[in-house]
Amino acid sequence: GYIGAWTIKYLVDNGYTVLAAVRTVAQGDVLTNCFPPYSGRVSSVVVPDILKASSPFFRVPSSAEFSSSQEGAYDDVVKDVEGIIHVASPVPRSSKDPQEVIGPAVSGTTGILKSAKATRVKRAVITSSASAVCGFRTDKEYNEVHLNTENTKTSSPLAVYNTTKTRTEKAAFDYVRATQPHYDLVTLLPAFNFGPYIHQASTASPL
């Protein structure tokens, strides 16, 4: 995605080698072709079970479906890396039950943290969102003690997405507090993301 591509560019510009986990070979080709000056330093690995969907932006699996496929999905991917930056999250288009989106997001994030427990990973960074703190409210100053918890079945897809970010971040820190892994955890809460696209895809489907 947009943030993922810019994250890779920042990393390779600063001397890092990147292994990107993608859902399809086509997505991996799009990413690696974005960085011709860094041939050999940007590669991809397909993790199809991260989300059983032909297009991750237009279908949301059930929580049970995602959880059953997620456990251990990243084990082989992270075994030789020193850092993890996790930017993937299901994006709801429509959903009758918010848990159909929240469940996959939480499982995906805790899944990669669990996969890192027996590795040399030093730090895991997770992209959250400012909406995890305040949702659509802008009436006061917010900090780390505030949480956005709107998740009723009448919530809009965007409101569900906001709650997804809240639950995911909370689950990640709960896991770290409970297990005390050897790596540290950082979450980033951006607000608006804008700027030019790095992707050179002719259609949205490979993204």
Side-chain angles (χ1 to χ4, degrees), residues 1-4 6-8 10-11 18-23 45 47 49-52 56 60-92 95 98-135 142-151 155 158-191 193:
Y2 174 80
I3 293 177
W6 275 105
T7 299
I8 293 173
Y10 179 84
L11 290 170
V18 177
L19 175 63
V22 296
R23 297 179 184 131
V45 59
V47 186
D49 287 342
I50 181 178
L51 192 59
K52 292 181 177 178
V60 177
S62 68
S63 179
E65 177 189 28
F66 192 94
S67 297
S68 65
S69 66
Q70 186 63 32
E71 192 70 26
Y74 290 106
D75 286 358
D76 290 337
V77 178
V78 302
K79 63 183 181 181
D80 294 320
V81 304
E82 294 187 356
I84 293 171
I85 301 178
H86 183 53
V87 299
S89 182
V91 179
S95 178
Q99 290 302 321
E100 292 182 355
V101 182
I102 296 170
V106 171
S107 296
T109 300
T110 56
I112 198 169
L113 295 178
K114 291 176 183 178
S115 292
K117 64 185 178 182
T119 68
R120 59 180 183 177
V121 169
K122 299 176 181 178
R123 171 168 293 173
V125 180
I126 296 173
T127 302
S128 183
S129 169
S131 62
V133 176
C134 61
Y142 293 90
N143 57 41
E144 65 274 8
V145 304
H146 294 97
L147 292 174
N148 168 35
T149 56
E150 181 185 5
N151 67 336
S155 295
L158 183 56
V160 173
Y161 176 78
N162 293 344
T163 300
T164 295
K165 289 297 188 180
T166 307
R167 298 291 183 84
T168 299
E169 183 172 343
K170 183 177 184 302
F173 279 109
D174 285 348
Y175 172 79
V176 168
R177 280 191 290 267
T179 63
Q180 296 292 306
H182 63 280
Y183 56 83
D184 62 2
L185 172 66
V186 176
T187 59
L188 302 177
L189 285 72
N193 302 290

| Can you tell me if Y74 uses its side chain to pair, donor with acceptor, with the backbone of K114 under 3.5 Å? | no
Throw together a table of side-chain donor-acceptor distances under 3.5 angstrom for residues 78-85, partners on residues two or more places apart or in other chains.
none

| field | side chain to side chain donor-acceptor pair (under 3.5 Å) partners of T119, counting only residues at least two apart | value | none
| message | Show the nearest heavy-atom pair for residues A172 and I126, with the distance to one decimal. | response | CB-CD1, 3.8 Å
| task | Nearest 0.5 Å please: distance from the CD atom of E169 over to the CG atom of L188. | result | 9.5 Å
| said: Restricting to non-hydrogen atoms, name the atom on A191 and the atom on A130 that form the minimum distance, rounded to 0.1 Å. | reply: CA-CB, 4.0 Å
| side chain to side chain donor-acceptor pair (under 3.5 Å) against T7, all qualifying residues, sequence neighbours excluded | none
| note | Hits for side chain to side chain donor-acceptor pair (under 3.5 Å) against T110, two or more places apart or cross-chain, chain-then-number order -> none
| Under the salt bridge (charged side-chain N to carboxylate O under 4.0 Å, His left out) test, residues paired with D184 that sit two or more places apart | R123
| query | Under the side chain to side chain contact (heavy atoms under 4.5 Å, CB included) test, which residues partner Y10, sequence neighbours left out? | reply | N14
| Closest approach of A105 and T168, non-hydrogen atoms and distance? | CB-OG1, 3.5 Å
| task | State, with a plain yes or no, whether a side-chain heavy atom of P190 is found less than 4.5 Å away from one of T127. | result | yes
| request: Return the minimal non-hydrogen interatomic distance between V87 and G4, and the atom names on each side. | output: CG2-CA, 4.0 Å
| query | How far does NZ of K165 sit from OG1 of T109, to the nearest 0.5 angstrom? | reply | 7.5 Å
| query | In Å and rounded to the nearest 0.5 Å, what is the CD1 to CD1 distance from I8 to I3? | reply | 12.5 Å
| Side-chain (H182) to main-chain (V121) donor-acceptor, under 3.5 angstrom | yes
| Reported CG-to-CG distance for the pair L113 and D174, which is rounded to 0.5 angstrom | 11.5 Å
| task | List the atom of D75, the atom of S115, and the distance in Å for their closest heavy-atom pair. | result | OD1-OG, 2.6 Å
| Got a second to check how far F173's CZ is from T187's OG1, nearest 0.5 Å? | 4.0 Å
